[in-house]
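All values reported here derive from a predicted model rather than from experimental measurement. Order of appearance sets the numbers: ligands from 1, and atoms from 1 within every ligand.
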Amino acid sequence: MALKITEDCINCTACESECPNNAIYAPGVKWSLAEGTGVRGKFTLKDGTVIQAEERFAAFSNNNYYVVSAKCTECQGFHEEPQCVSVCPVDCCVSDENFVETAVQLVTKKELLHP
Ligand code: SF4
Ligand code: SF4
């Protein structure tokens, strides 16, 4: 499943540059699917919503760093361990129980994000 960042985040910035999918954003910064991935044009999210990959969407948090679930693959295909978990000094990168995915689904997701 995707990871999420809890309110315990101290905004240290350490995780942002470690994410191979550019799935982590600073508070208040708008996100896009195209940023840090190979996706361009129309893309269908897990819930069936169709978006334009280049479109920038409002930040999920204005207070803490946040994860875009649609872009998080638990680092599958890049690293053995989730890199945000490895570098976070306060252990606030945790599994997102609202975004459950199997290992196979995560590998497929990685291939969709980096065709
Ligand atoms: S687990 Fe990996 S892909 Fe997901 S947010 Fe953390 S660093 Fe990015
Ligand atoms: S490494 Fe942890 S504390 Fe630092 S910005 Fe990322 S989630 Fe927040």
Query raised in the report: Would you say the side chain of N21 lies within less than 4.5 Å of the side chain of C72, judging by non-hydrogen atoms?
Result: no
Tell me which protein heavy atom sits closest to [atom], plus the residue, atom name and distance to 0.1 Å.
atom                    : value
atom 4 (Fe) of ligand 2 : C12 SG, 2.3 Å
atom 3 (S) of ligand 2  : I10 N, 3.4 Å
atom 2 (Fe) of ligand 2 : C88 SG, 2.4 Å
atom 8 (Fe) of ligand 2 : C9 SG, 2.3 Å

Close-contact set for ligand 2 against [X] heavy atoms, below 4.0 Å:
X   : result
P89 : 1 (S)
C92 : 2 (Fe), 7 (S)
Y65 : 5 (S)
V90 : 3 (S)

Query raised in the report: Under 3.5 Å, is there a donor-acceptor pair linking the side chains of S61 and N63?
Result: no
Query - Listed partners of N62 passing side-chain hydrogen bond (donor to acceptor under 3.5 Å, both in side chains), at least two apart - result: none
Requested in this report: Find out if a path of hydrophobic residues (ILVMFWY) with successive side-chain heavy-atom gaps under 4.5 Å connects L33 to L106.
Outcome: no
Report summary line: On a heavy-atom basis, the closest approach of P20 and H79 is CG-CD2, 4.2 Å
Report summary line: R56 and S32 have their tightest heavy-atom pair at NH1-OG, 4.1 Å
Query - Closer than 2.8 Å to atom 4 (Fe) of ligand 1 - protein N, O or S atoms, ordered by chain and residue number - result: C72 SG
Query raised in the report: From C15, does some N, O or S atom reach closer than 2.8 Å to atom 2 (Fe) of ligand 2?
Result: no
Report summary line: Distance col, row C84:SG vs I24:CD1, nearest 0.5 angstrom, shows 4.5 Å
Report task. Not counting sequence neighbours, list each pair that qualifies as a salt bridge (Lys or Arg N to Asp or Glu O under 4.0 Å) and has a residue in residues 65-84. Result -> none
Query raised in the report: Between T13, I5, D8, T6, which one has a non-hydrogen atom sitting closest to atom 5 (S) of ligand 2?
Result: T13
Requested in this report: Step through it carefully: locate the ring centre of F57, locate the ring centre of W31, and say whether they are under 6.0 Å apart.
Outcome: yes
Report summary line: side chain to side chain contact (heavy atoms under 4.5 Å, CB included) filter on N11, not counting sequence neighbours, yields C9, P27, N64, Y65
Query - Y25 six-ring centre to K30 NZ/CZ under 6.0 Å and within 45° of normal - result: no
